[in-house]
2 protein chains.
Amino acid sequence: MNRRTTITDVALAAGVSVATVSKAINGRYGVSAETLSHVMGVVADLGYESSIVATSMRRRRTLVIGVLVAEFEPFALQLLRGVSSALENTEYDVLAYAGSVSAGTHLGWERRSLSRLGGTLIDGAILVTPTAAPSETSVPIVAVDPHVGTDDPATVSVANVEGASAATSHLLSLGHRRIAHLRGRTDLESAREREQGYRNALRASDIPFDPTLVIDGGYRAADSTAGAHAILDLPDPVTAVFAANDLSAIEMMRVASERGLHVPDDLSVVGFDDIIDAAAHVPQLTTVRQPLPEMGAAAVRMLLEILQGHEPEPVQMATTLVVRESTAPPRS
Amino acid sequence: MNRRTTITDVALAAGVSVATVSKAINGRYGVSAETLSHVMGVVADLGYESSIVATSMRRRRTLVIGVLVAEFEPFALQLLRGVSSALENTEYDVLAYAGSVSAGTHLGWERRSLSRLGGTLIDGAILVTPTAAPSETSVPIVAVDPHVGTDDPATVSVANVEGASAATSHLLSLGHRRIAHLRGRTDLESAREREQGYRNALRASDIPFDPTLVIDGGYRAADSTAGAHAILDLPDPVTAVFAANDLSAIEMMRVASERGLHVPDDLSVVGFDDIIDAAAHVPQLTTVRQPLPEMGAAAVRMLLEILQGHEPEPVQMATTLVVRESTAPPRS
DNA sequence: GTGAAAGCGCTAACAC
DNA sequence: GTGTTAGCGCTTTCAC
């Protein structure tokens, strides 16, 4: 718990000026071979590493990429895996920041985090499911699963409409006719598109759309509890639910089971994302897979492109329906 | 991509000095109510947020806790979930840093990361499976799954000997007699203890310990490939493997399957950790559960204690054997 | 109640 | 080839 070793300590110990130490460390010209090796020896002895904070205040580049999230939930974590491995063998380090932990409100967390880290600590940021498209950012950003109404090309997303349609069609093909939709965070483009896919599939099967069957879940487990109950309280019961993501699908199953219903016999449930928890759940969740690690890697590539001055091209990836154990034909 | 809004911008726009803005923002005395509200209005208008970097250079506290990892693998990620949720409703933000991504070597990553972030960016750090016990740190640290030979009380670990013994006993009770051990990172206390547990269980069953059956895996999937092959190349084949963690257990199963072996019929495999991937694997992995999120939460509590000046008490948590599909009686 | 000035650790001009 | 100096954005004495 001592004070950290600073460049001044090194300079003092080496008997040279702070500037010389800096030059030596950063391989700048104007240091004799002798001085260089001497200074580097002292650096090694003292175990000195430059402070990211001080360095980034003076320098332009910090060689750190920030992944900004509202919270460390499974979706963000899977993405982080991809980001991290894509950054291997590059000169960049990764720093993941959950800035709204103590903020009380989740709204606008990305603006806050960006202001606090951007321009100084990080060279660029990957925003995971941002609540809004930040304008006037101080560093290049790439958004994964972006906010509605984005015209920013620096986005990574999936074919949500098609995926949701496939999920709903799967339920229809099993024979379900009354299918509820536990909707996602309506500020995200993905939630709207998934609802659209749900509607498209119903229309293709000539089933009239019933707005009372669409109930808000909000993507988070805690926010989905009420919606899950509401679905089960429907006067004319549904036999299946398409949840907008896996976290709410899992919560849907939890609530159903709590109320004595058996999945999939009494109720079929389909999710979206294929977070790792989906396959680990009992019963295993039928869901629509997003290639999360690949999306993280794509976001990294895009960010590095932008950092090199190139114009980004939006990336949209395909989804795959993964049929597991949470869906079956309706009972009756 | 504009320059970030600084305190100077705010001061200029508000027509006051930088010092006054700082006082207003931080609620210091010596600002008239009128000036205060005026300044705060400008702050809101400009969307100003103080730079974490600049603030932490001057201030003691940054209200940010760092989770330092070598890489974002499942073990660290699960832990991060616990850390993050434990920090909710506190005044702290979480920042996870993978500092060795570009470092070339994994050795000593914690010293480097600590030097770069400590003393400035973060108030305290949680080190996940550190390769060495850093001395002379600039901030309080808590180690999860610590290095061998630590006498530092600020550690969170599990009962590895008992867990490994339970895993091995499980295989023995199924009737296995030749059981290999795919060993973990020997620089970590956990790997040594797990080998000890394996030996204890064998001894309890009067099975002589055969050193050729202990083969290094190193905890990472990529590092376990060779060891997995070596186990299957054993002249006198084993019927079961106790892998030191889930990642190497999963790699063991992959290699076995690649070589035409069926798990669990031809080979039983037990892991350790119960990362979420274990339950998602086909076949589902029998493993020893560590309560990862709880361990993350415990590390947070310990760190906050130390930050408040209290002496830490080492925490050791219990493990649970989770029997799934990757283990069965030997074929013969 | 407010502002000027110093300084956190570091890098980049510029002087010597 | 090396040292001096200024300044990044911010907080904090200390004058006024």
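Letters go in sequence order (proteins before strands), and every chain restarts at 1. These numbers come from a predicted model, not from an experiment.
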K.L.:
Take the protein atom CZ of B/R59 and the nucleotide atom P of D/dT13, then report the distance between them rounded to whole Å.
P.N.:
12 Å
K.L.:
Considering the options B/L80, B/L292, B/V69, B/L247, which one meets the side chain to side chain contact (heavy atoms under 4.5 Å, CB included) requirement together with B/F75?
P.N.:
B/L292
K.L.:
Closer than 4.0 Å, any side-chain N/O of B/T20 to the OP1 or OP2 of C/dG3?
P.N.:
yes
K.L.:
With a non-hydrogen cut-off below 4.0 angstrom, is B/T6 in contact with a base, only sugar-phosphate, or nothing?
P.N.:
sugar-phosphate
K.L.:
Nearest-Å distance, CG (B/D9) to C1' (D/dC10)?
P.N.:
13 Å
K.L.:
Does any non-hydrogen side-chain atom of A/L79 lie less than 4.5 Å from one of A/D145?
P.N.:
no
K.L.:
If you take all heavy atoms of B/I306 and B/P140, which pair is closest and at what distance?
P.N.:
CG2-CB, 3.6 Å
K.L.:
Take the C1' atoms of the five end pairs on each side of the helix from C/dG1-D/dC16 to C/dC16-D/dG1, get both axes, and report the angle to 10 degrees.
P.N.:
50°
K.L.:
If only side-chain N and O atoms of A/S32 are considered, is one of them under 4.0 Å from the OP1 or OP2 phosphate oxygen of D/dT2?
P.N.:
yes
K.L.:
Need one value for A/T35: base, sugar-phosphate or nothing, where a base atom within 4.0 Å counts as base even if backbone is also close, heavy atoms only.
P.N.:
sugar-phosphate
K.L.:
Can a donor-acceptor pair be found between the side chains of A/S190 and A/Y219 at a distance below 3.5 Å?
P.N.:
yes
K.L.:
Taking only N and O in the side chain of A/R4, is any of them less than 4.0 Å away from OP1 or OP2 of C/dC10?
P.N.:
yes
K.L.:
Starting the side chain at C-beta, find the nucleotide from C/dT11, D/dC14, D/dT11 nearest to A/I7.
P.N.:
C/dT11
K.L.:
DNA chain C: B/M57 or B/V31, which has the more 5' nearest nucleotide?
P.N.:
B/V31
K.L.:
Do A/S115 and B/T5 come within less than 4.5 Å of each other through their side chains, counting heavy atoms only?
P.N.:
no
K.L.:
Need one value for B/V18: base, sugar-phosphate or nothing, where a base atom within 4.0 Å counts as base even if backbone is also close, heavy atoms only.
P.N.:
base
K.L.:
In whole angstrom, what separates B/K23's NZ from D/dT13's P?
P.N.:
11 Å
K.L.:
Please report the distance, rounded to the nearest Å, between CD1 in B/I52 and P in D/dC10.
P.N.:
12 Å
K.L.:
Which atoms form the tightest heavy-atom contact between A/A299 and A/V144, and what is the distance?
P.N.:
CB-CG2, 3.9 Å
K.L.:
Which comes earlier along DNA chain C counting from the 5' end, the contact point of A/A19 or that of B/S17, where each point is its nearest nucleotide?
P.N.:
B/S17
K.L.:
Tell me: CD1 of A/I25 to C1' of C/dC10, nearest whole Å?
P.N.:
10 Å
K.L.:
Of the nucleotides C/dG3, D/dC10, D/dT11, which one has an atom closest to the side chain of B/S22?
P.N.:
D/dT11
K.L.:
Looking at B/R28, does any N or O in its side chain come under 4.0 Å of the phosphate oxygens OP1/OP2 on D/dT12?
P.N.:
yes
K.L.:
How close or far is atom C1' of C/dG9 from atom CG of B/L117, stated in whole angstroms?
P.N.:
15 Å
K.L.:
If you measure from CD1 on A/I122 to CG on A/D93, what distance do you get to the nearest 0.5 Å?
P.N.:
13.0 Å
K.L.:
Can you figure out which of C/dC10, C/dT2, D/dT12 approaches the side chain of A/R58 most closely?
P.N.:
C/dC10
K.L.:
Tell me the interatomic distance from B/Y29, atom OH, to D/dT13, atom C1', rounded to whole angstroms.
P.N.:
18 Å
K.L.:
D/dC10 P sits how many Å from A/L121 CG, rounded?
P.N.:
13 Å
K.L.:
Would you please confirm or rule out a distance under 4.0 Å between OP1 or OP2 of C/dC10 and any side-chain N or O of A/Y48?
P.N.:
yes
K.L.:
Report the C-alpha separation of B/R81 and A/L77 in whole Å, then their side-chain angles, then the decisive distance to 0.1 Å, and conclude whether the side chain to side chain contact (heavy atoms under 4.5 Å, CB included) test is met.
P.N.:
CA-CA 9 Å; B/R81 258 164 112 155; A/L77 258 17; 3.7 Å; yes
